[in-house]
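Below: the structure, in structure tokens.
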Amino acid sequence: MRRLITALAASALLASSALADSTLFTNAQIVDGTGAEAFMGDVLVTDGLIAEIYAPGEGKAENAAVIHAKGRVLAPGFIDLHTHGDPLKTSFANFLAMGVTTVTLGMDGSSDGLDVDWKARAGTQGLELNVIPMTGHGTVRQMAGIGDGVRALTSAQKDALKAAMAQELADGSFGLSMGLEYVPGVYSDAAEMKALGDVITDHDAIIMSHMRSEDDADVEDAIDELVAMAPTGRVHISHLKVVYGKGEDRADDLLAFMEGKRASGTKLSADIYPMPPASPASASCSPSGHYHQRTIKPCARSVRMS
């Protein structure tokens with residue numbers, strides 16, 4: 001693992017322009033991201049792009065910086081599919097050190113701050129790494145003049161919501177993020193979700209969602225709800241898990257269920273995180289007030305996971 005991280009860190013430096021205009025990596029174990037087996041070789045990178053891949057020991061380049069990989073793994077930068085933060089305000093050097101060269105921002109239904117002005121400042125100031133900007137469901141609701149507490153939308157509100165989402169996509173958003181356990185996502189109904197899903201599908205964008213429930217008894221229904229938004233579109237489940245699941249057999253069943261959705265035409269995908277606990281905002285367990293009307297008991301069970 002240390003050998004892998006060392007090589008990935010060297011690769012990530014390319015994203016911050018820390019290396020020369022041309023860099024030659026020699027005798028690297030290359031994992032190219034296509035699914036092919038790793039192979040040994042030399043890689044020449046020029047102006048941040050792969051210019052040539054050579055047989056091991058045969059790479060040549062005048063005036064290039066040379067990094068001797070000595071058999072370490074060289075791979076494309078990793079993509080973090082669920083990131084929180086603002087690289088204009090905080091350094092993301094720790095991500096680069098782990099080989100992450102692209103982050104996805106505006107997750108869980110909120111993209112406050114990732115507006116046109118932010119994008120303009122990012123273009124002027126530059127960023128340490130690549131950014132995939134998403135548009136939060138709650139944020140696009142605000143753009144359409146729809147309050148957080150509004151449940152069933154009128155036809156005019158749905159039209160305004162669709163127009164705001166289409167404008168976000170035109171301005172560079174990659175798609176819609178949702179947090180269906182959080183306000184205002186918890187109040188959204190099938191009609192509102194389908195209206196947004198139609199826009200996303202028409203633009204070949206993507207829906208990335210924290211599902212309405214990750215509980216063992218409800219997770220398939222939660223996936224069905226997302227698939228219904230965009231039956232032929234791109235749907236991605238954030239941090240897939242089964243709360244109080246029943247072991248590996250249950251996981252296999254869930255993966256088979258998802259494969260069935262893909263076979264029916266939905267471009268369904270998911271990510272996971274490498275730790276057992278969940279860490280939702282404690283306010284999501286509030287039984288009253290601004291948050292959704294669940295009893296405290298199921299939330300308490302979920303919180304005990306962490």
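Position 1 is the first residue of the sequence, and the numbers go up from there.
- A distance-only check finds a donor-acceptor pair linking the side chain of Thr201 to the backbone of Gly197 [under 3.5 Å].
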Intermediate values then yes/no, side-chain contact (heavy atoms from CB on, under 4.5 Å), Val131 and Trp118: CA-CA 12 Å; Val131 170; Trp118 184 93; 4.3 Å; yes
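- Applying the side-chain contact (heavy atoms from CB on, under 4.5 Å) test to Ala69 and every residue at least two apart in sequence or in another chain returns Ala28.
- To the nearest 0.5 angstrom, Glu225 atom CD is 8.5 Å from Met229 atom CE.
- Listed by chain and residue number, Arg234 satisfy the salt bridge (Lys or Arg N to Asp or Glu O under 4.0 Å) test with Asp204 (two or more places apart in sequence, or in another chain).
- Side chain of Lys267 to backbone of Val235: no donor-acceptor contact under 3.5 angstrom is found.
- From Leu161, atom CG reaches atom CE of Met193 across 12.0 Å, with rounding to the nearest 0.5 Å.
- For the residue pair Gly109 and Ser177, the shortest heavy atom distance occurs at N-OG, 3.0 Å.
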side-chain contact (heavy atoms from CB on, under 4.5 Å) assessment of Phe95 paired with Thr83: CA-CA 10 Å; Phe95 283 76; Thr83 318; 3.7 Å; yes
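- With sequence neighbours excluded, no residue forms a ring-ring contact (aromatic ring centres under 6.0 Å, His included) with His203.
- In the displayed structure, Ile272 atom CD1 is contacted under 6.0 Å by at most 12 heavy atoms of other residues, nucleotides or ligands.
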Thr101 and Asn130: CA distance, side-chain angles, deciding distance, side chain to side chain donor-acceptor pair (under 3.5 Å) verdict: CA-CA 6 Å; Thr101 56; Asn130 305 309; 4.5 Å; no
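- Annotation: salt bridge (Lys or Arg N to Asp or Glu O under 4.0 Å) contacts involving residues 186-200, sequence neighbours excluded, comprise Arg141-Glu192, Lys194-Asp198.
- The minimum heavy-atom distance linking Gly136 with Ser111 is given by the pair N-OG, 2.8 Å.
- Distance CG/Asn27 to CZ/Arg72: 11.5 Å, rounded to 0.5 Å.
- Annotation: Leu88, atom CG; neighbour count of heavy atoms from other residues, nucleotides and ligands within 6.0 Å is above 12.
- Here the OG1 atom belonging to Thr135 is positioned 11.5 Å from the CG atom belonging to Leu105, to the nearest 0.5 angstrom.
- By the 4.5 Å heavy-atom criterion applied to side chains, Ile53 and Asp32 are not counted as neighbours.
- Here the side chain of Thr266 pairs no donor or acceptor atom with the backbone of Leu268 at under 3.5 angstrom.
- Between Phe174 and Met134, the shortest heavy-atom distance links the atoms CB-SD, 3.9 Å.
- With contacts defined as side-chain heavy-atom distances shorter than 4.5 Å, the pair Asp224/Lys261 qualifies.
- Atom CD1 in Ile207 sits 8.0 Å away from atom CG in Leu196 (nearest 0.5 Å).
- A donor-acceptor contact closer than 3.5 angstrom links the side chains of Thr46 and Ser22.
- Residues in residues 217-243 take part in these ring-ring contact (aromatic ring centres under 6.0 Å, His included) pairs, two or more places apart or across chains: His82-His239, His210-His239, His239-Tyr273.
- Pairs engaging residues 86-110 under the salt bridge (Lys or Arg N to Asp or Glu O under 4.0 Å) rule: none recorded [sequence neighbours left out].
- Surrounding CD of Gln125 are more than 12 heavy atoms belonging to other residues, nucleotides or ligands, all under 6.0 Å away.
- With salt bridges taken as basic N to acidic carboxylate O contacts below 4.0 Å, one links Arg250 and Asp216.
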Steps toward side-chain contact (heavy atoms from CB on, under 4.5 Å) verdict (Leu180, Met211): CA-CA 5 Å; Leu180 295 177; Met211 294 191 295; 5.7 Å; no
Check against side-chain contact (heavy atoms from CB on, under 4.5 Å), Met143 and Gln167: CA-CA 10 Å; Met143 293 174 179; Gln167 186 59 56; over 6 Å; no
Salt bridge (Lys or Arg N to Asp or Glu O under 4.0 Å) evaluation trace for Lys60 with Asp42: CA-CA 9 Å; Lys60 297 177 182 178; Asp42 298 352; over 6 Å; no
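- Under the 3.5 Å distance criterion, the side-chain polar atoms of Glu128 are matched with a main-chain donor or acceptor of Phe92.
- Proximity of Glu220 to Leu254: side-chain heavy atoms (C-beta onward) are separated by under 4.5 Å at one or more points.
- Taken to the nearest 0.5 Å, the CD1 atom of Ile223 stands 10.0 Å off from the CD atom of Glu214.
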